[in-house]
Amino acid sequence: MKLGVVFPQIESPADPIAIRDYAQAVEGMGFDYILAYDHVLGANPDRPEGWEGRPYKFSDPFQEIFVLFGYWAGVTEKIELAAGVLVLPQRQTALVAKQAAQIDVLSGGRLRLGVGVGWNYVEFEALNESFTNRGKRSDEMIELMNELWTKQLVTFDGKYHKVSDAGINPLPVQQPIPLWFGGYADATFRRIARYGTGWMCAGGQSPEVAKPIIDKIQGYMEDEGRDPHTLGLDMWLPASKIPTDQWLPSAQAWQAVGATHIAIETMRCGYENLDQHLATAKQFKEAVGELQS
């Protein structure tokens, strides 16, 4: 099992030194990967149509994920950089493919690209992309990105995209870059089965709740002629909800249902600085390190 940390996006300072030190510290602790969330814009919760129940707002800081990974690629040596997840259909497909390939080159093949269809219509509107057809566009986006990552020249004529004998250069180290998916809709599970390396399951789920979903995804993989045992599963343990003495049993329970990756998520614990987040990450590594392989 691979062990990781979730970068505390909404509780991190806009301080390049602190952001550098955090990544170097978790790499020094022996973690396999560092995972970061993605949002471009935050909305005002006092907007006329309301914002009740939404997890993030304009006052929550988010580092831009590709810029962040480019920075980390230059200040780390071996830790994997995992997007968990990039909101794919609010971006231009060829540009995502180019940016991801660049990160993969700069990091020496250390990018794991988690993607999702998103939920924040305010971002889609501001980025001039359609919110209503984001799922359908995602399938075609994935097909085109895989072409761009593996061929010098691509000709592609789809419903939403057209590429006429062109390509990106340099190509990524990983061809193609591994795609993981976040989300809980059946369309997402079918997308994983068709295109994905794995499923990213955020905190709040339990192994018992996730197991039927895992079985469903693996069944869809069989339908696609793929080996269901190759499915990767990345599960995040929220330190704010799971007591310290339950970290190892929780990780073992996830491993029992097929988890290949476990990350500690330290946000919402009341911490005031990144050193406190790092202290909890170190404690987690010590508690579950026996599962690492």
Side-chain angles (χ1 to χ4, degrees), residues 2 4-7 9 23 31-40 62-74 76 78-119 123 127 129 134-135 137-151 154 161 167-183 187-202 217 226 230-236 260-261 263:
K2 303 298 183 183
V5 298
V6 176
F7 179 58
Q9 280 272 45
F31 280 98
D32 297 297
Y33 65 101
I34 181 171
L35 182 145
Y37 298 170
D38 169 52
H39 279 291
V40 175
F62 278 87
Q63 311 300 324
E64 201 288 316
I65 200 162
F66 282 129
V67 175
L68 178 67
F69 282 2
Y71 180 51
W72 278 344
T76 59
K78 58 184 180 181
I79 196 165
E80 183 184 61
L81 308 174
V85 298
L86 181 83
V87 185
L88 181 62
Q90 68 183 17
R91 289 172 165 81
Q92 296 170 302
T93 308
L95 183 57
V96 171
K98 176 71 172 182
Q99 290 172 314
Q102 187 70 72
I103 298 298
D104 204 53
V105 168
L106 292 175
S107 67
R110 290 188 279 139
L111 176 64
R112 179 159 54 101
L113 188 59
V115 297
V117 298
W119 55 266
E123 287 184 297
L127 293 165
E129 294 289 351
R134 64 194 190 282
R137 284 191 296 111
S138 290
D139 289 336
E140 190 170 293
M141 293 178 79
I142 293 159
E143 293 175 5
L144 176 54
M145 288 193 304
N146 281 325
E147 291 273 300
L148 290 168
W149 287 332
T150 56
K151 298 178 180 179
V154 172
H161 302 83
I168 61 175
N169 190 354
L171 291 172
V173 174
Q174 303 175 95
Q175 297 185 20
I177 292 170
L179 282 169
W180 290 55
F181 292 83
T188 297
F189 305 148
R190 292 186 180 276
R191 207 167 283 128
I192 296 169
R194 192 175 304 120
Y195 308 110
T197 302
W199 179 42
M200 289 181 165
C201 176
I217 296 170
R226 299 181 61 197
T230 62
L231 177 67
L233 297 166
D234 193 339
M235 309 305 177
W236 315 335
T260 55
H261 296 65

Backbone N/O of Gln63 and side chain of Gln9: donor-acceptor pair under 3.5 Å: yes
Test item: Arg112 side-chain N/O and Trp180 main-chain N/O as donor-acceptor pair under 3.5 Å: no
Spatial distance of atom OH (Tyr37) from atom CH2 (Trp236) [nearest 0.5 Å]: 5.0 Å
For the student: nearest non-hydrogen atoms of Gly183 and Phe189, plus distance: O-CE2, 3.7 Å
Rounded distance [0.5 Å steps], CG in Leu81 versus CG in Leu113: 11.5 Å
Closest contact, heavy atoms only, Ala36 versus Ile65: O-CD1, 3.4 Å
Flag side-chain contact, heavy atom, 4.5 Å: Leu179 against Trp149: yes
Atom pair OG1 (Thr93) and CD (Glu143), whose distance is rounded to the nearest 0.5 Å: 11.0 Å
Distance, nearest 0.5 Å, that separates CG of Leu88 from CE of Met141: 3.5 Å
Stepwise side chain to side chain contact (heavy atoms under 4.5 Å, CB included) check, Phe69 with Leu106: CA-CA 9 Å; Phe69 282 2; Leu106 292 175; over 6 Å; no
CD (Gln92) with more than 12 external heavy atoms under 6.0 Å: no
From CA spacing to verdict: salt bridge (Lys or Arg N to Asp or Glu O under 4.0 Å), Glu80, Lys2: CA-CA 10 Å; Glu80 183 184 61; Lys2 303 298 183 183; over 6 Å; no
Spacing of Gln102 atom CD and Ser107 atom OG [to the nearest 0.5 Å]: 10.0 Å
Minimum-distance pair of heavy atoms, taken over all atoms of Ala97 and Ile168: O-CD1, 3.8 Å
Working for side chain to side chain contact (heavy atoms under 4.5 Å, CB included), residues Leu35 and Asp234: CA-CA 10 Å; Leu35 182 145; Asp234 193 339; 3.9 Å; yes
Between CZ on residue Arg137 and CD on residue Gln90, distance to nearest 0.5 Å: 9.5 Å
Arg134 side chain vs Gly118 backbone, donor-acceptor pair below 3.5 Å: yes
By salt bridge (Lys or Arg N to Asp or Glu O under 4.0 Å) - contacts of Arg91 (at least two apart): Asp38, Glu64
Taking every non-hydrogen atom, the tightest pair across Met200 and Gly84: SD-CA, 3.7 Å
Whether Glu147 side chain and Val154 backbone form a donor-acceptor pair below 3.5 Å: no
Side chain to side chain, Tyr195 and Asp139, heavy atoms closer than 4.5 Å: yes
Verdict with reasoning, Phe181 to Ile142, per side chain to side chain contact (heavy atoms under 4.5 Å, CB included): CA-CA 11 Å; Phe181 292 83; Ile142 293 159; 3.4 Å; yes
Test item: Arg110 side-chain N/O and Ile79 main-chain N/O as donor-acceptor pair under 3.5 Å: yes
Full working for side chain to side chain contact (heavy atoms under 4.5 Å, CB included) between Met235 and Trp199: CA-CA 9 Å; Met235 309 305 177; Trp199 179 42; 4.1 Å; yes
Shortest non-hydrogen contact between Gln174 and Leu111, atoms and distance: NE2-O, 2.8 Å
Contacts of Ser138 that satisfy side chain to side chain donor-acceptor pair (under 3.5 Å) - sequence neighbours left out: none
Minimum-distance pair of heavy atoms, taken over all atoms of Leu171 and Val105: O-CG2, 3.4 Å
